[in-house]
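Okay, so here's the structure we're looking at.
On a predicted model such as this, the values are computed, not experimentally measured, just so you know. Residue numbers count from 1 along this sequence.
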Amino acid sequence: MATTIISAATNCDLDTGSYFELAARAARTCVERSDVGLDEIGMLINAGVFRDSNISEPAVAALIQKRIGLGLAYESGRAPTFSFDLMQGATGLLHAIVAAESFLATGAVEYALLVAGDAHPSTMRDVADFPYGTGGAALLLGNSPTARGFGRIHTCHTTSSDEPIAWVALGEAGTNGRSVISVRAGADDPVDLAATVVQPCLDEEGIDGGDFAEGSAVLLAPAQALRFRSRLADALAIPSRSVVGFDSSNGDPYTAAPVHAYLNALNTGLLDTARTVIFLAADGTSAACLAYHPQVVSPTRLACR
């Protein structure tokens with residue numbers, strides 16, 4: 001048995017600027033697309049960074065868990081759903097996959113639901129100095145005898161990543177601190193950071209340009225930097241058509257970007273023949289990637305929301 005992606009969903013509805021609500025909507029859609037009941041999900045991990053009112057306690061995962069009605073009842077003989085936040089910037093979702101897989105592999109939980117996404121703390125959309133789009137995304141993970149699961153995660157970060165990428169300047173914010181946020185961009189080239197983690201991953205998996213050319217390998221490259229996909233393809237010496245991004249009409253989905261890229265590849269048929277899918281997340285301070293080996297059966301294409 002190995003970890004497999006059962007379903008995925010995104011939500012960028014325009015009627016709300018609340019990350020809590022958008023992540024909850026994505027989570028509900030994700031579960032509805034599966035044959036899994038809410039009572040079967042034993043874990044929820046939130047990888048989103050920017051949230052309503054800059055709330056830090058209780059955990060955002062617990063707030064989303066309550067909104068979707070997941071594992072709220074304490075019943076004899078049944079373990080309650082375990083939920084927590086795992087924030088690692090742009091790479092948080094990949095780290096959440098690794099964390100969830102460790103529980104799935106031991107049978108501690110049967111299914112794990114991961115959510116990610118971001119919103120300005122004011123819950124207003126299109127704030128001028130906020131660089132990320134407003135939205136939520138979800139992945140439902142489980143075990144399958146026909147999947148080979150995920151490989152080892154590869155990571156790198158710059159020395160500047162030890163400094164905050166987002167903060168509230170309390171002296172300037174005054175009593176408005178729960179509705180403002182300052183964000184800085186990383187100083188390093190995300191393509192360089194991405195290549196640093198992807199190349200050893202490909203070497204470990206025994207994948208080269210020929211695998212990408214024939215469609216047996218796909219690289220999900222969810223970053224908005226100028227010419228990111230083509231420059232990364234050149235750096236790795238792989239066909240640019242095998243490097244898949246996402247629709248950027250709603251801005252940069254940041255922590256939710258890997259799900260957007262996965263659904264884009266799924267719905268354009270690029271996963272129909274893929275034996276290896278390389279998940280990548282990167283920004284100007286860090287990068288992470290891991291290989292995913294999907295089920296032998298071709299996945300069902302899903303409509304993005």
Side-chain angles (χ1 to χ4, degrees), residues 2-3 5 8 88-95 97-98 147-161 185-248 252-296 298-299:
T3 303
I5 297 174
Q88 191 70 20
T91 66
L93 187 68
L94 273 61
H95 288 275
I97 289 173
V98 174
R148 293 191 294 126
F150 290 90
R152 182 170 66 90
I153 191 169
H154 297 257
T155 65
C156 75
H157 67 277
T158 66
T159 54
S160 63
S161 64
D188 289 71
D189 186 346
V191 173
D192 292 340
L193 295 176
T196 298
V197 295
V198 174
Q199 189 59 63
C201 180
L202 300 183
D203 294 342
E204 188 173 277
E205 294 290 326
I207 297 172
D208 58 24
D211 297 296
F212 287 98
E214 69 182 21
S216 62
V218 172
L219 171 59
L220 307 182
Q224 276 203 316
L226 182 63
R227 297 184 57 246
F228 181 88
R229 291 164 52 204
S230 60
R231 291 175 56 217
L232 181 58
D234 290 343
L236 298 171
I238 64 176
S240 59
R241 66 178 182 276
S242 62
V243 183
V244 184
F246 54 85
D247 178 7
S248 60
D252 181 356
Y254 197 47
T255 60
V259 184
H260 284 265
Y262 173 77
L263 284 172
N264 187 20
L266 180 63
N267 289 320
T268 54
L270 292 174
L271 301 190
D272 292 353
T273 59
R275 296 193 297 272
T276 305
V277 180
I278 305 297
F279 273 82
L280 168 68
D283 59 12
T285 62
S286 62
C289 82
L290 74 168
Y292 170 56
H293 305 284
Q295 299 185 68
V296 176
S298 296

Is any side-chain heavy atom of [Y] closer than 4.5 Å to one of [X]?
X: Phe150; Y: Val98; value: no
X: Leu290; Y: Ile97; value: yes
X: Arg227; Y: Val191; value: no

Donor-acceptor under 3.5 Å (Asn264 side chain, Gly245 main chain): yes
Parallel, tilted or perpendicular, as decided by the 30° and 60° cut-offs, for the rings of Tyr262 and Phe279: parallel
Measure the [atom1]-[atom2] distance between [X] and [Y] for me, rounded to the nearest 0.5 Å.
X: Leu93; Y: Gln88; atom1: CG; atom2: CD; answer: 12.0 Å
X: Asp208; Y: Leu236; atom1: CG; atom2: CG; answer: 12.0 Å
X: Thr196; Y: His154; atom1: OG1; atom2: NE2; answer: 12.5 Å
X: Thr273; Y: Glu214; atom1: OG1; atom2: CD; answer: 8.5 Å
X: Arg231; Y: Ser240; atom1: CZ; atom2: OG; answer: 14.0 Å
X: Asp283; Y: Asp188; atom1: CG; atom2: CG; answer: 10.0 Å

Return the minimal non-hydrogen interatomic distance between [X] and [Y], and the atom names on each side.
X: Ala291; Y: Cys201; result: N-SG, 3.9 Å
X: Tyr254; Y: Ala90; result: OH-N, 3.4 Å
X: Ala217; Y: Phe212; result: O-CD2, 3.3 Å
X: Thr255; Y: Gly89; result: CG2-O, 3.3 Å
X: Ala194; Y: Leu280; result: CB-CD2, 3.9 Å
X: Ala261; Y: Leu220; result: O-CD2, 3.8 Å

Salt-bridge criterion met for Glu205 and Arg275 (N-O under 4.0 Å): no
Test log, rule side chain to side chain contact (heavy atoms under 4.5 Å, CB included), inputs Asp203 and Gln199: CA-CA 6 Å; Asp203 294 342; Gln199 189 59 63; 3.0 Å; yes
Full working for side chain to side chain contact (heavy atoms under 4.5 Å, CB included) between Leu270 and Arg241: CA-CA 10 Å; Leu270 292 174; Arg241 66 178 182 276; over 6 Å; no
From Ile278, Leu219, Val198, residue fulfilling side-chain contact (heavy atoms from CB on, under 4.5 Å) relative to Val243: Leu219
